[in-house]
Amino acid sequence: MSTAPEALRRDFGGDIIEPGAGEYDAASRTVLASGSPAYVLRPASVRDVQAAVAFARNEGLTLAVRGGGHGFAGFGTNDGGAVIDLRVLSDVDVVDDARHLVRIGGGATWGAVADALAPYGLAISSGDTRTVGVGGLTLSGGIGWKVRKYGLALDNLVAAEIVTASGEVLRASAEENAELFWAIRGGGGNVGIVTAFEFRAHPTTDVFFGTISFPAAEASSVLGGWAEYFRDAPEELTSNVVLANPFLGGPQAPVQVQVTYDGDDAEQAALAIDPIRRLGTVLQDDVTLKAYGDILEEGMVPPPGIEFLTRSGFADADSAPKVISTLADVAASEGSPIIGLRSVGGAVSRVPDDATAYAHRSATVMFVTTAVGPRPAIDAARPRMADLWESLAPHVSGAYANFLTGATDEDVAAVYPTETYQRLAAVKRRYDPHNLFAGNHNVRPR
Ligand SMILES: Cc1cc2nc3c(=O)[nH]c(=O)nc-3n(C[C@H](O)[C@H](O)[C@H](O)COP(=O)(O)OP(=O)(O)OC[C@H]3O[C@@H](n4cnc5c(N)ncnc54)[C@H](O)[C@@H]3O)c2cc1C
């Protein structure tokens, strides 16, 4: 029997899940965080989202908004508050085939988007995982397998429909509510709930994709050469590197260089990828032509009790060598975190820093360190991680909100440089003056 207030049951047409309900345990968790909210609300319409926002606001409940539920910082749940879980709002519609315009519900996942667009020969530069949400990934960036050619996911956004803290439904684009449109492209969930995104997709073919592995002992030279190459590699090429993968031997794990060449011309692909093959002793090379949708991985759900300590940073072409030599040294030591590096630059860097609330445009590399394990192992890893980041600090600029378990003031300052923060705070004052949307890397209205 629901204990939800009468007004909510009258105005809200979606599912209301409360403690004690059969679905509650699963509904209270996200992929990487557990919680004990008083209500998990699953809106089935924009009106439901408005009703849920009004309910949380009027009852003074802490509010969490959940898209795909993959956030590292666990913002998609809370204790004792309300969660608005957007999973039902997940339609993917090609609304204008000629102009490649696609409307996507705020709770959709990137795998569903790739599947829906494939028959049209279209794709959107997104991330590397099917189960990750369009919402969280886009609102803070979106660094995927086509990032150097087509930019961040948010660079492909042309409009959005947003429910603000007052319950108003607004359309934001370059022409309408332009400042709100600026803010949602990098400002996370700070300024409202996006019920629908409108993207301009791009034509896609099959792509060359795979992993080229090198011995761990060559990490330093392979990474150095990799960063040098990505100063001006063809923009069709995007690459991630993984070091110290615990499933492949930790410090002894091979250096895994994953590549995507965005195109199906074998000769051009080889021209772009061969310089990577020449970086060291190739142990494995499974690069092959694949459908874009097939290169996205299924997300893994960690067993209960496993936690993540994840931190990210950006480096430009000049500081990348210093960051890389530090990371290569750490990767060779026992107990190293998992280290990931992603090439950015290309189309991302052609957008001015102040054009969106994502302001890390001059970086050529985004890198991530992750410790994984039960709580005691994470606590034990903290001092070492802090030392590592202290040594990296002089060469790092900012942090990528989408790979960040922390949400301290220091983390928020790394995500939003001062000018971006102040401009976001002004948007916040206008659309969320009482900071209802605080479950995020939070920008305070005042
Ligand atoms: C396995 C895995 C792979 C990943 N791969 C990539 C990658 O390749 N590239 C990359 O850039 N990132 C990647 N990420 C990071 C990912 O972008 C973030 O974790 C992101 O926050 C996930 O979004 P979500 O909607 O699934 O998460 P959620 O936890 O649901 O949401 C995260 C945040 O976004 C807000 N939010 C979500 N949807 C909306 C909405 N519609 N309106 C308003 N606010 C909303 C939430 O309130 C919350 O603050 C990956 C993460 C994981 C776990």
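In this text the structure is predicted, and so the values were computed from the model without any measurement. Basis for what follows: all heavy atoms, side chains included, without hydrogens, waters or symmetry-related copies. Numbering starts at 1 and runs along the sequence shown. First listed ligand is number 1; within each ligand, the first listed atom is number 1.
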Task: Residue part near ligand 1, for Leu86, under 4.0 Å between non-hydrogen atoms - done: side chain

- [ ] Write out the residue and atom name of the closest protein heavy atom to atom 41 (N) of ligand 1, then the distance separating them to 0.1 Å.
- [x] Val194 O, 2.9 Å

Task: Option set Ala33, Gly127, Gly71, criterion heavy-atom distance to atom 22 (C) of ligand 1, minimum - done: Gly71

Open item on the list: Ile193 versus ligand 1: do any nitrogen or oxygen atoms come within less than 3.5 Å of each other?
Closed with: no

- [ ] May I ask you to check whether Ser126 has an N/O atom sitting below 3.5 Å from an N/O atom of ligand 1?
- [x] no

TODO: Establish, yes or no, whether a centroid distance under 6.0 Å links the rings of Phe197 and Trp110.
DONE: no

Task: Residue-ligand contact Gly439/ligand 1, heavy atom below 4.0 Å - done: yes

TODO: Could you tell me if any non-hydrogen atom of Val132 lies under 4.0 Å from any atom of ligand 1?
DONE: yes

Open item on the list: Quick check on the 6.0 Å ring-centre criterion: do His100 and Tyr120 meet it?
Closed with: no

- [ ] Say whether Arg342 and ligand 1 are in contact under the criterion: heavy-atom distance to a ligand atom below 4.0 Å.
- [x] yes

TODO: Name the closest protein heavy atom to atom 21 (O) of ligand 1, giving the residue it belongs to and the distance to 0.1 Å.
DONE: Asn402 OD1, 3.4 Å

TODO: Check each of Val83, Val191, Val65 against atom 47 (O) of ligand 1 and report the one with the nearest heavy atom.
DONE: Val65

- [ ] Identify the protein heavy atom lying closest to atom 24 (P) of ligand 1, giving its residue, its atom name and the separation to 0.1 Å.
- [x] Gly68 N, 3.5 Å

- [ ] May I ask you to check whether Phe75 has an N/O atom sitting below 3.5 Å from an N/O atom of ligand 1?
- [x] no

TODO: Consider every N or O of Leu32 and every N or O of ligand 1, then say whether any pair is closer than 3.5 Å.
DONE: no

Task: Within-cut-off N or O pair, Tyr400 and ligand 1, under 3.5 Å - done: yes

TODO: Would you confirm whether the ring centroid of Trp389 sits within less than 6.0 angstrom of the ring centroid of Phe367?
DONE: yes

Open item on the list: Does any N or O of ligand 1 fall below 3.5 Å from an N or O anywhere on Thr131, backbone included?
Closed with: no

Open item on the list: Applying salt bridge (charged side-chain N to carboxylate O under 4.0 Å, His left out) to Glu235 and Arg148, what does each step give before you reach the verdict?
Closed with: CA-CA 5 Å; Glu235 291 187 1; Arg148 296 184 70 253; 5.7 Å; no

Open item on the list: Heavy-atom distances under 4.0 Å decide this one: backbone, side chain, both or neither, for Phe403 against ligand 1?
Closed with: side chain

TODO: Measure the distances from the heavy atoms of Ala64 to every atom of ligand 1 and state whether one is below 4.0 angstrom.
DONE: no

Open item on the list: Is it the case that ligand 1 has an N or O less than 3.5 angstrom from some N or O of Gly299?
Closed with: no

Open item on the list: Are any of the N/O atoms on Gly133, whether in the backbone or the side chain, positioned under 3.5 angstrom from an N/O atom of ligand 1?
Closed with: yes

TODO: Find out whether the Lys NZ or Arg CZ of Arg361 is both under 6.0 angstrom from the six-membered ring centre of Tyr358 and within 45° of the ring's axis.
DONE: no

- [ ] Examine ligand 1 and decide if any of its atoms is less than 4.0 Å from a heavy atom belonging to Gly188.
- [x] no

TODO: Measure the distances from the heavy atoms of Gly69 to every atom of ligand 1 and state whether one is below 4.0 angstrom.
DONE: yes

Open item on the list: I want to confirm something. Looking only at heavy atoms, which of Pro302, Gly136, Gly192 is nearest to atom 31 (O) of ligand 1?
Closed with: Gly136

Open item on the list: Please compare Arg66, His70, Glu298 and report which has the shortest non-hydrogen distance to atom 27 (O) of ligand 1.
Closed with: His70

Open item on the list: Check contact between Trp145 and ligand 1, using heavy atoms of the residue and a distance below 4.0 angstrom.
Closed with: no

Open item on the list: Counting only heavy atoms closer than 4.0 Å, does ligand 1 sit against the backbone of Val31, its side chain, both, or neither?
Closed with: neither

Open item on the list: Considering non-hydrogen atoms of the protein only, which is the closest contact for atom 45 (C) of ligand 1, and what is the distance?
Closed with: Leu139 CD1, 3.5 Å

